[in-house]
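None of the values given here were measured: they were computed from a predicted structure. Below, read A as the first sequence line, B as the second, and so on, with proteins coming before strands; counting in each chain starts at 1.
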Amino acid sequence: MISSPAQPQKIVVDFSSPNVAKPMHVGHIRSTILGDCLARVFRILGHDVVCDNHIGDWGTQFGKLLVGWKKHLDESALERDPLAEMERLYKKVDQLSRDDESVLQEARAELVQLQGGDPENLKIWQEMIRQSQRQFDSVYGRLGVHFDETLGESFYNDRLKSVVDRLLEQGIGRESDGAKMVFFEGAEDSDELKAHPAMILKSDGAANYTTTDLATLEYRMERWSPDQIVYVTDGRQQLHFKQLFAIFRKWKPEAKAQLDHVWFGSILGEDGKPFKTRSGETIKLVDLLDEAEERGFRVVTEKNPELPEDQRREIGRIIGLGAIKYADLSPNRQSDYVFSWDKMLALTGNTAVYLLYAYTRIQSIFRKLEAETVPLEWSAANIRLEKPTELALGKALLQYEFNLNAVADERRPNYLCSYLYDLAGALSKFYDECSVLHADDIETKKSRLALCDLTGRTLKSGLNLLGIETTDRM
RNA sequence: GCGCUCGUAGCUCAGCUGGAUAGAGCAGCGGAUUUCUAAUCCGCGGGUCGUAGGUUCGAGUCCUACCGGGCGUGCCA
């Protein structure tokens with residue numbers, strides 16, 4: 001159904017990137033779902049894809065976390081919900097350090113110890129990473145998201161000095177006000193970059209995220225020799241990535257890899273400000289997933305109360321998670337959106353449920369066909385598109401590959417959502433107008449069965465690319 | 001100040017390389033089921049596409065200016 005590309009490419013996709021010791025919240029969902037979808041589309045088009053999760057496991061927050069872990073740790077709370085407990089510890093020490101300068105000093109000292117390789121601090125730090133990873137894995141498992149590689153910022157630690165040294169040696173970076181900076185002064189540099197130099201080493205000698213990202217980029221080039229590297233992050237980092245790519249071009253002009261920042265808009269609260277609940281907390285991702293599955297279960301129970309509960313739970317799970325993913329993937333990724341439970345978990349209209357329902361109607365036809373007394377060989381049938389709705393459905397089916405290429409080229413999964421919605425609409429209209437099992441003659445019946453089969457497979461394939469599972473009945 | 005981005009129906013949003021009377025969902029109103037799942041289908045009402053210019057045979061789409069929202073803009077990432 002999908003033809004192979006003339007030139008399969010090696011594509012590294014960098015997405016999700018949660019921070020250690022912080023619960024994943026709704027802000028992480030866009031990067032995770034967008035990145036996963038793009039990776040799936042690249043793969044089905046025949047490319048060789050590496051999904052790399054660049055975990056935030058290094059940085060100044062560990063000073064405070066170490067103080068909290070040593071002095072205020074609640075073991076049983078850690079047992080119950082490690083990330084909530086670590087978040088509590090961070091907030092507690094952060095608050096204490098505001099009121100008491102000595103706490104801040106203590107945190108700095110712990111950080112220096114950690115960076116110096118102190119065994120106790122390293123052990124605690126590793127435990128924090130382990131606990132965090134456990135929860136990340138649980139969320140990724142529920143979302144069906146897979147990574148080929150997970151390397152934290154700390155992995156690149158001992159490469160940072162060399163990166164800075166070489167940039168200075170090559171005359172790309174220089175000292176300014178005690179810090180090491182890269183100034184963009186070439187004819188190839190945009191006015192925007194000329195106005196915004198990038199820091200590669202702070203005046204206290206610490207590297208920052210530009211340096212880490214350069215080291216990461218160099219590592220990825222060495223390890224995978226990719227044709228493309230795609231970074232999926234929010235739009236506030238646009239300048240950062242322009243700087244990163246420009247420095248990299250100066251540093252390694254021979255590198256041919258295409259570097260692309262695929263950015264998305266922010267999730268806002270109802271007031272148009274960056275999203276927070278009334279209590280000032282962001283909504284935890286696990287709570288969103290739980291709520292989605294619960295709402296899915298309720299609507300299945302309402303529509304189909306006679307199904308056994310375990311089936312209703314399973315269908316509810318597929319519907320609920322599908323609704324979240326579709327809500328995230330169907331708008332243009334660059335638009336900001338205002339978070340709303342009802343919008344994100346809507347189950348009517350242009351939602352995943354509409355697509356899933358279309359799929360189940362097709363499965364239902366084939367279940368009925370199985371029950372017929374006379375077997376019918378339809379799979380080799382010529383598809384004849386006679387009725388207007390048959391023709392429309394046939395035309396829609398031919399558009400699948402074109403849309404997948406558009407998704408890959410533009411990095412816009414909403415094209416696929418829009419296509420699948422149209423396809424499901426074409427199926428519904430066809431279903432309304434043309435009986436399949438009670439077609440006027442046997443050839444028409446075979447033709448329609450083949451058409452339904454192709455539509456079903458296309459819907460399933462497309463939903464799978466969106467990361468949405470299907471169900472045979474609902 | 002400079003930069004990025006958005007502004008399309010009451011609400012939420014689509015609208016690829018510029019191409020015919022600008023689309024969908026929700027909300028409102030009215031229809032369709034002895035027939036494969038009505039979680040469906042059909043119809044109605046509703047838009048000076050932020051404003052003003054420009055390029056073009058043709059602009060929601062490209063360019064310029066302005067207005068409004070969001071974000072970014074040397075020691076957080």
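- A:Asp177 comes within 4.0 angstrom of a nucleotide base, judged by non-hydrogen atoms across all strands.
- Only the C1' atoms considered, B:C11 is 26 Å distant from B:U21, to the nearest whole Å.
- In this structure, A:Leu347 reaches neither bases nor backbone, as no heavy-atom distance under 4.0 Å exists between it and the strands shown.
- Candidate nucleotides B:A39, B:A14, B:G74 were compared by shortest atom distance to the side chain of A:Pro331, and B:A14 ranks first.
- Where A:Tyr209 and A:Glu175 meet RNA chain B, the nucleotide closest to each residue was compared, and A:Glu175 sits on the side nearer the 5' end.
- Within the nucleic acid shown, A:Arg412 has no heavy atom closer than 4.0 Å to any nucleic acid atom.
- No donor-acceptor pair closer than 3.5 Å links the side chain of A:Arg412 to the backbone N or O of A:Asn332.
- Using a 4.0 Å heavy-atom distance criterion, A:Asp409 is classed as making no nucleic acid contact.
- At the heavy-atom level, A:Lys303 lies under 4.0 Å from base atoms of the strands shown.
- Across all strands shown, A:Asp234 has no heavy atoms under 4.0 Å from either base or sugar-phosphate atoms.
- When base pairs are accepted only as Watson-Crick or G-U wobble with both N-N or N-O distances under 3.5 Å, RNA chain B takes part in stems of 3 or more pairs at B:1-7 with B:67-73, B:10-13 with B:23-26, B:28-32 with B:40-44, B:50-54 with B:62-66.
- A donor N or O paired with an acceptor N or O is not found under 3.5 Å between the base of B:A39 and the side-chain atoms of A:Tyr357.
- With both ends at atom P, the span from B:U12 to B:G50 equals 15 Å, rounded to whole Å.
- Annotation: B:G60 and B:G18 have their P atoms spaced 14 Å apart (nearest Å).
- Each of A:Arg313, A:Gln311, A:Arg312 was scored for a side-chain hydrogen bond (donor to acceptor under 3.5 Å, both in side chains) with A:Glu309, with one residue passing: A:Arg313.
- A gap of 7 Å separates the P atoms of B:G47 and B:G10, to the nearest Å.
- With A:Leu356 as reference, A:Ile468 is the one residue of A:Leu459, A:Thr351, A:Ile468, A:Leu347 to meet the side-chain contact (heavy atoms from CB on, under 4.5 Å) rule.
- Counting any heavy atom pair closer than 4.0 Å across all strands shown, A:Glu153 reaches sugar-phosphate atoms only and no base atom.
- The residue A:Ser176 sits close to a base: some heavy atom pair falls under 4.0 Å.
- For B:C41, the OP1/OP2 oxygens have a side-chain nitrogen or oxygen of A:Tyr354 closer than 4.0 Å.
- In this structure, A:Ser428 reaches the sugar-phosphate backbone alone: every heavy-atom distance under 4.0 Å involves primed, P, OP1 or OP2 atoms, never a base.
- With P as the reference atom, B:A24 and B:C41 are 12 Å apart, rounded to whole Å.
- B:U40 and B:C49 have their P atoms separated by 33 Å, with the value rounded to a whole Å.
- Base engagement by A:Tyr431 is indicated by at least one non-hydrogen atom pair under 4.0 Å involving a base atom.
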Base versus backbone protein contacts along nucleotides 2-11 of chain B [heavy-atom cut-off under 4.0 Å; B, S, -]: -SSS------

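- Within the 4.0 Å cut-off from OP1 or OP2 of B:G15, at least one side-chain nitrogen or oxygen of A:Asn332 is found.
- Side-chain contact between A:Leu104 and A:Glu101: present, with at least one pair of heavy atoms (C-beta onward) separated by less than 4.5 Å.
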Set out, in order, the CA-CA distance, both residues' side-chain angles and the distance that settles salt bridge (charged side-chain N to carboxylate O under 4.0 Å, His left out) for A:Asp189 and A:Lys250, then state yes or no. CA-CA 10 Å; A:Asp189 294 315; A:Lys250 293 177 194 297; 2.8 Å; yes

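- In this entry the distance linking CD of A:Glu185 with P of B:G74 reads 17 Å, nearest Å.
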Could you please spell out the steps behind the side-chain contact (heavy atoms from CB on, under 4.5 Å) verdict for A:Cys37 and A:Lys325? CA-CA 10 Å; A:Cys37 176; A:Lys325 291 191 177 189; over 6 Å; no

